[in-house]
There are 2 protein chains.
Amino acid sequence: MSEKVKKRTLISDIASHLGVSIATVSLVLNGKAKQSRISDAVAARVLAYVQEVGYKPNQLAKSLRTGKTHVIGLVVEDIANPFFSTVAALIERQAFERGYRIIYCSTNNDPARARELISMFQERHVDGYLVVPAEGIEEQIAEIMQEKTPLVVFDRYLPELATNYVVVDGAQGTHAAARHLLEQGFSNLAFVTTSSAQTQMQARLDGYRQAMQEHGLPETVKQVAVGQDAETVITDILSFIRDNRQCDAIIFSTNYLSIYGLEAIGRLGLRIPDDLAMVSYDDHDLFRLYTPAITVIAQPVEAIAKNVIDILLEELKNCAGEAPRPVQQVLLPPTLVVRQSSLRQPAGAARKARKQEAAS
Amino acid sequence: MSEKVKKRTLISDIASHLGVSIATVSLVLNGKAKQSRISDAVAARVLAYVQEVGYKPNQLAKSLRTGKTHVIGLVVEDIANPFFSTVAALIERQAFERGYRIIYCSTNNDPARARELISMFQERHVDGYLVVPAEGIEEQIAEIMQEKTPLVVFDRYLPELATNYVVVDGAQGTHAAARHLLEQGFSNLAFVTTSSAQTQMQARLDGYRQAMQEHGLPETVKQVAVGQDAETVITDILSFIRDNRQCDAIIFSTNYLSIYGLEAIGRLGLRIPDDLAMVSYDDHDLFRLYTPAITVIAQPVEAIAKNVIDILLEELKNCAGEAPRPVQQVLLPPTLVVRQSSLRQPAGAARKARKQEAAS
DNA sequence: TTGAAAGCGCTAACAC
DNA sequence: GTGTTAGCGCTTTCAA
C-alpha cells in the first residue's frame with residue numbers, strides 16, 4: 001500500500017545493469033576512458049545508459065573523495081544593494097560558465113555574521129572565496145590564507161593582510177569629481193560619507209581632502225554613523241545640509257547615502273544643481289533617470305567581476321602545482337559620468353542637455 | 001624544506017588526543033551526550049578541546065552520511081533586479097537564522113539554464129528548493145516533486161503542477177491601478193507588458209482587461225518581446241507611445257519596463273502626469289524619488305519572503321514524518337502606493353503633495 | 001581492458 | 001557510559 005518512492009540511481013546500479021564494474025563506469029563518466037583503454041563500445045554503452053536513466057552522480061560523495069567541491073563562496077555586504085547585486089550577477093555568470101557554482105551570503109557589514117559565514121564556507125569546503133571584507137574579520141581571512149584556499153577580496157582590502165584584491169581607485173574618483181565641480185564654478189564642496197574606516201571609504205575621503213588642499217579650500221565633511229535606520233540618516237543629512245548653506249555642492253561617497261541625500265534635499269525644497277549641485281558614487285537607474293540626471297563616479301562593475309573571477313580561477317588551477325604565486329592586487333579606475341546635477345548653467349539649459357544625451 | 005601545511009583537525013584527532021572514542025566525540029558534538037548518558041565531565045572536556053583547536057566537522061562527510069545538507073537552492077530570474085534581490089536578501093536572512101544556507105542562481109528566464117541549475121542542485125542534494133520558475137521547466141519541477149524534496153515556487157506558478165506557491169494577486173493590483181486612474185479622470189489607459197505567458201504577467205494583464213471591460217473602454221496593450229537589448233525595448237516603447245497619443249495614462253507590468261518607459265517618455269519630451277500619467281509595478285528607490293514620484297503597485301516583499309521560507313521549513317520539518325501534507329498556495333495582495341505620477345491636478349500642486357508625503 | 005577494494009570523514013546502531 | 005564498526009556514494013590504485 002505504501003507509495004514506492006523512486007530510488008535515486010547509483011553508480012553501482014549502472015554497473016550491474018550493464019554487467020561492467022563500477023570502476024569502468026566511473027572512468028567513462030570522468031572522461032578517462034581513453035587513458036584507461038576502455039573499449040569504445042563499452043564507453044558508448046555506459047554513456048547511453050547513463051543518459052537514458054538520467055543518472056546524476058552524487059556530488060557530495062564525489063567531493064568527499066576528491067576534495068574538490070567546485071563551489072565558490074561569495075560574501076558581499078548586501079545583496080540588495082544594486083552595486084553588489086550587479087557584481088554578483090556578473091560573477092555568477094562567469095563562474096557558471098567555467099563550471100563553478102556560487103554560494104553567497106550578505107554580511108550587512110556585521111563582523112560576527114561575516115565570521116559565521118566564512119566558518120560555514122570552511123565547513124562546506126568551498127574551493128575558493130570571494131569576499132567583500134567587513135571590518136574586523138582579519139583573523140578569519142588570515143585563516144583562509146593559511147589553509148592555502150584561493151581567495152580574492154574586493155571592493156575594499158585589509159591593509160594588514162597581503163591578499164589578492166581588486167579595488168577601485170576611490171581617491172582618483174572623488175578627486176576627479178571635485179575638480180569637475182570646481183571647474184563648473186562651484187566653490188564650496190561638501191563630502192558626505194560613512195563613519196566606516198574601510199579602505200574604499202577612506203580613499204574616497206582622501207581624494208576629496210587632497211582636492212580641497214590643492215585649491216586651498218576648506219573641508220566640510222559629514223560622517224554618517226553606520227547601521228542607523230533610514231529616517232535617522234535622512235534627518236542627519238538634512239541637518240548637515242541646512243547647517244552648511246555656504247556649500248554649493250555635495251559629493252556622496254556611496255549610492256545609498258545619495259539616495260538618502262536626495263530625500264533630504266527634496267524635503268528641504270532645494271533645487272539641483274541651482275541651489276546645490278551633487279555627485280554620487282556608483283551608477284544606478286535612479287541617478288540616470290532622475291530629473292535632473294545625477295552625475296556619478298561609476299565603478300567598473302564588469303571589470304571588477306572579470307578580474308575577481310579571473311584571479312580566483314587562476315589560483316584554483318594552480319592549486320595543485322603549489323607554485324609560489326605572487327599576490328595579485330588590482331586597482332581599477334572609476335569613470336566620472338557627467339550629467340546635469342553638477343553643471344553650472346543657465347536655467348532651461350538642463351532640458352536641452354537632457355535631450356542631447358538621449359539623442360547620442 | 002617544504003612548507004608544512006597545517007592539517008585540518010579530524011574527529012579522530014580529537015578522540016585520540018582526549019583518549020576517548022570517536023563515537024563519544026560525535027555524540028557530544030551533536031548534542032546527544034545526555035541521551036547516550038555520557039558523563040558531563042567527558043562532554044565538557046570534549047567541548048573545551050573542540051573549542052580550543054577550532055575543530056569544524058566536515059559537512060560534506062556529515063551530509064553524505066545523514067542525507068541532509070541544510071542547504072536550500074534558490075533560483076531567481078535575475079539577482080540584479082531589485083525585486084528579486086530584495087526578496088532574496090530577506091529569504092537569506094530568515095533561512096540563516098534557522099540554520100539553513102542558500103545556494104542561489106539566476107536563470108535570466110532561460111529554461112535551459114534553469115534546467116541546468118536545478119540539475120546542479122539535485123546533484124548537490126539541497127534539502128529544499130525555492131524557485132521562480134522560468135517557462136518550460138515543468139518537467140524538472142515535476143521531477144523534484146516526485147523525489148519528494150520540499151519545494152516552494154514563487155512570484156509565478158506553473159498551472160499544470162500542484163506545487164506549493166506564493167504569488168501576488170496581479171489582477172487585483174492592475175485593476176486597482178486602473179480604477180484609480182479612471183477616478184482621477186484619465187480615460188484612455190494603455191498597458192505595457194512583456195510577451196511572456198507567465199502567470200503573473202497574465203494576471204496583471206487580466207486585471208487591466210477586466211477594468212477596461214467594466215467601463216466599456218478600449219484596450220490598448222503593448223507586449224514587448226522578451227530578451228531584447230535595452231535600446232530596442234526603449235525605442236519599441238517610444239514608438240508605441242507616439243503611435244497612441246490618444247492614451248493619457250500607462251500602466252507598466254514590471255519594474256524594468258517602467259524604467260525603459262521613463263527613458264522613452266523623457267526622450268519624447270512628455271511631462272508626467274500632465275501629458276501622460278503612469279503607474280508601475282514594484283516599488284523602487286527610483287519610483288519613490290523620481291520627480292514626479294511614480295505611483296506603484298507594490299508587491300509585499302517581506303510577506304513573500306516570510307511565506308516562502310515558512311512553507312519550505314514546515315515541509316523540511318515534516319519530511320521525516322511523511323505526513324500527507326496538503327499543498328500550500330498563497331495569494332498575497334499588492335498595495336497601490338499613490339504618488340504624483342497618476343494624479344490629475346492643477347499645475348503646482350505636485351510640489352505641495354510632495355512635501356506632504358515627506359512630512360507624513 | 002576490467003574488477004576489487006581501500007578509503008574520503010562522519011554518524012549511529014549495537015556491542016561491551 | 002563508552003568503544004567498534006558498518007556504511008553514505010564515489011574515485012582510483014593495483015592486481016588480474
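- Side chain of A:Leu10, nearest nucleotide from D:dT2, C:dG3, D:dC10: D:dC10.
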I'd like to know whether B:Arg156 forms a salt bridge (charged side-chain N to carboxylate O under 4.0 Å, His left out) with B:Glu77, so could you lay out the CA-CA distance, the side-chain angles of the two residues, the decisive distance to 0.1 Å, and finally the verdict. CA-CA 11 Å; B:Arg156 61 200 77 158; B:Glu77 181 176 315; 2.4 Å; yes

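- Atom CD in B:Glu123 sits about 13 Å away from atom C1' in D:dC10, given to the nearest Å.
- Note: A:His17 and A:Tyr49 have parallel aromatic rings, judged against thresholds of 30 and 60 degrees for the angle between ring planes.
- In this structure, a donor-acceptor pair under 3.5 Å is absent between the side chains of B:Gln328 and B:Asp310.
- Side-chain atoms of B:Thr149 never come within 3.5 Å of backbone atoms of B:Gly128 as a donor-acceptor pair (strictly under, hydrogens ignored).
- Atom P of nucleotide C:dA4 and atom CD1 of A:Ile22 are separated by 9 Å, given to the nearest angstrom.
- Taking atom CG of A:Leu18 as the reference point, atom P of C:dT2 lies 11 Å away to the nearest angstrom.
- Checking C:dT11, C:dT2, D:dT13 against every side-chain atom of A:Ala23, the shortest atom distance belongs to D:dT13.
- Rounded to an integer number of Å, the gap from A:Leu64 CG to C:dC10 C1' is 8 Å.
- Summary of helix geometry: the two end axes of the helix from C:dT1-D:dA16 to C:dC16-D:dG1, each defined by five base pairs via their C1' atoms, are inclined to each other by 50° (rounded to 10°).
- A:Ser36 comes within 4.0 angstrom of a base, heavy atoms only.
- Side chain of B:Arg124 to backbone of A:Thr69: a donor-acceptor contact under 3.5 angstrom is found.
- At the phosphate of C:dA12, neither OP1 nor OP2 sits under 4.0 Å from any side-chain N or O atom of B:Ser26.
- Protein atom CZ of A:Arg65 is 9 Å distant from nucleotide atom P of C:dG7, rounded to whole Å.
- Counting to the nearest Å, the P atom of C:dG3 and the CG atom of A:Leu27 are 11 Å from each other.
- Between A:Ile38 atom CD1 and D:dT12 atom P the separation is 13 Å, expressed in whole Å.
- An OP1 or OP2 oxygen of C:dT2 is reached within less than 4.0 angstrom by no side-chain nitrogen or oxygen of A:Thr24.
- Under 4.0 angstrom from either OP1 or OP2 of D:dG9 there lies no side-chain N or O belonging to A:Tyr55.
- We find that A:Lys317 and A:Glu314 are joined by a salt bridge, their nearest charged nitrogen and carboxylate oxygen being less than 4.0 Å apart.
- Between B:Asn30 and A:Gly19, the residue whose closest nucleotide on DNA chain C is further toward the 5' end is A:Gly19.
- Here D:dG1 presents its C1' atom at 13 Å from CZ of B:Arg45, a figure rounded to the nearest Å.
- Each of D:dT11, C:dG3, C:dT11 was ranked by its minimum atom distance to the side chain of B:Thr66; first place goes to C:dT11.
- For B:Lys62, no side-chain nitrogen or oxygen approaches OP1 or OP2 of C:dG9 to under 4.0 Å.
- Of all heavy-atom pairs between A:Lys56 and B:Ser119, the closest is CE-OG, 2.9 Å.
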